[in-house]
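We name chains A, B, ... by the order of the sequence lines, and we start the count at 1 in each one.
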Protein chains: 2
Amino acid sequence: MVQILNSGSNPTSGLGSNRLSSERVRRKNEARRLEILHAAARVFRRRGLAAAGMREIADEADLSPGNLYHYFSGKDEILLFCQDRTLEHMLAAVKAACASKVPVAEQLRAVMSAHVHCMLDELEGATAHLEVEALPEPLRAPIIAKRDAYERAVRALVAQGMKRGEFAAGDASLVTRAMLGAVNWTARWYRPDGARSVTEIARSLSDYLVRGLAAAPSTRSARTAAVSGVRK
Amino acid sequence: MVQILNSGSNPTSGLGSNRLSSERVRRKNEARRLEILHAAARVFRRRGLAAAGMREIADEADLSPGNLYHYFSGKDEILLFCQDRTLEHMLAAVKAACASKVPVAEQLRAVMSAHVHCMLDELEGATAHLEVEALPEPLRAPIIAKRDAYERAVRALVAQGMKRGEFAAGDASLVTRAMLGAVNWTARWYRPDGARSVTEIARSLSDYLVRGLAAAPSTRSARTAAVSGVRK
DNA sequence: CTAAAATTGGAACCATGGTTCAAATTTTGA
DNA sequence: TCAAAATTTGAACCATGGTTCCAATTTTAG
């Protein structure tokens, strides 16, 4: 299901050039906006955030550069929406997982899997998710907050599993970041024409990441630090 | 040990404005260049690659903007050297690890640990390592090649462990990327004033990542795909 | 049908930031 | 000490790309 643009806790409520007009035109306007967002997402994906120009986004959306500003106040706002949508999806996923009654390991796998899908499936401009610093100060704060909420939720899952003894004890915070790093990184190397499907990747990856949490006692021998004697 | 700038298989050999002059001045020149690189690395770290301007880099290195171009042909070259140095270190680490006679798991931990140090320790501008696309086409190729060589080396280690039965069988390529994603991601969240030291982070992280490779039979139950029913 | 509102196009504006330039200063080598 | 080479500076140049403007066109509403 494609969620409506101005739903939930969207960070910016008043924007663009929308007067309260006929419901008919508002619908059309909203739809056009979504199209533009998808076009922008596509450009972000293939060009990278920085290299994606407004002119190219406009072109991709079959719009004149000037007209683009009729729908969005600027590049920042487009980016904001892309990131917000992605985070919204991820938050929904973690919420859904927590609500289920399966073991924590299973929940975590579900979350990681959803995260991967979020990053790689066509629809979204999830590449933008990786570059939070691109947003100007004022817009950044709400996105950061939302991202932190997501990370906190995942970390809570990890911690819960540790507490229950389902996972080995450890630094939940660190492990969470490791997991998120691994899944976020997929956007960097995934190519649609690759050998593995998104679903396969999601499955294998979440399997691996959760496996590392296993409660089995770590049988690490004395660490030979000498091996990595590369640094000065 | 700090390796000399123009050593090994550096991608660009003729650059800047270096005539063959007195050995004395050549030394000084080289030293100054390293200082500049470190200054640039610092700016990259705190501003992010895109936001780091030549003027700021020059200022950080106590140089005038114009003078900066006496040492480097441009921003691209600075970036190139930063990335090259980082990769050079990582390659050395993986080489050293492979040469040791410890179990593959131990080798991998050493590599991952070195990688983390490379990303987080002061000296390097490793943040730049994350944004390969920032380089213009001609300069990018050799860096990509080097990065791929590194990834290939790590993958070989993973595959070797799997073949020997030390690790569970699986997609070595995928797992490798997951591991690299996790360690690369550290540059995003690490803060020098955090609770954990770089060494601790390196240790915990590499422990976790290698643990997920364990040969223990995966006891995954039938996957309840319904849990992640967030996507359309 | 017609006037107002919404939409559209594309040229022009302008801030940012990488880069160049020519002259001033310092260092080098004899 | 002196001339040539190297270094340094800060202003100016210029390409890029986000943004603004306004006139032309289409759509809406009475």
Protein-nucleotide distance ([X], atom [atom1]; [N], atom [atom2]), rounded to Å:
X: Phe72(B); N: dT19(C); atom1: CZ; atom2: C1'; value: 16 Å
X: Leu63(A); N: dG10(C); atom1: CG; atom2: P; value: 11 Å
X: Leu80(A); N: dG18(D); atom1: CG; atom2: C1'; value: 17 Å
X: Asp76(A); N: dG18(D); atom1: CG; atom2: P; value: 10 Å
X: Phe44(B); N: dG17(C); atom1: CZ; atom2: P; value: 14 Å
X: Glu30(B); N: dA6(D); atom1: CD; atom2: P; value: 15 Å
X: Arg32(B); N: dT8(D); atom1: CZ; atom2: C1'; value: 10 Å
X: Lys75(B); N: dT19(C); atom1: NZ; atom2: P; value: 8 Å

Who are the side-chain contact (heavy atoms from CB on, under 4.5 Å) partners of [X], not counting sequence neighbours?
X: Ser64(A); value: Asn67(A)
X: Asp148(A); value: Ile144(A), Arg152(A)
X: Ala61(A); value: Ile36(A), Ala39(A)
X: Arg177(B); value: Trp189(A), Glu151(B), Ser173(B)

Item to check | Sequence-distant partners of Arg46(A), salt bridge (Lys or Arg N to Asp or Glu O under 4.0 Å), two or more places apart | outcome: Glu56(A), Glu60(A)
Checklist entry - Does Glu200(A) have any salt bridge (Lys or Arg N to Asp or Glu O under 4.0 Å) partners at least two apart in sequence or in another chain, and if so, which? => result none
Next on the checklist: Holding to side chain to side chain donor-acceptor pair (under 3.5 Å), I want the full list of residues that pass it with Arg196(A), two or more places apart in sequence or in another chain.
Outcome noted: Asp171(B)
Checklist entry - Would you call Glu133(A) and Arg47(B) a salt bridge, using N to O less than 4.0 angstrom? => result no
Checklist entry - Is Arg32(B) salt-bridged to Glu35(B), going by a charged N under 4.0 Å from an acidic O? => result yes
Any protein N or O atoms within reach of nucleotides 21-23 of chain D? Criterion: under 3.5 Å, listing atom names and distances.
none

Next on the checklist: Please classify the nucleic acid contact of Ala52(A) as base, sugar-phosphate, or nothing, using heavy-atom distances under 4.0 Å.
Outcome noted: sugar-phosphate
Next on the checklist: Does dT8(C) have OP1 or OP2 under 4.0 Å away from a side-chain N or O of His70(A)?
Outcome noted: no
Next on the checklist: Contact list please: residues 54-62 of chain B against DNA chain C, heavy atoms, distance less than 4.0 Å, in numerical order.
Outcome noted: Met54(B), Arg55(B)
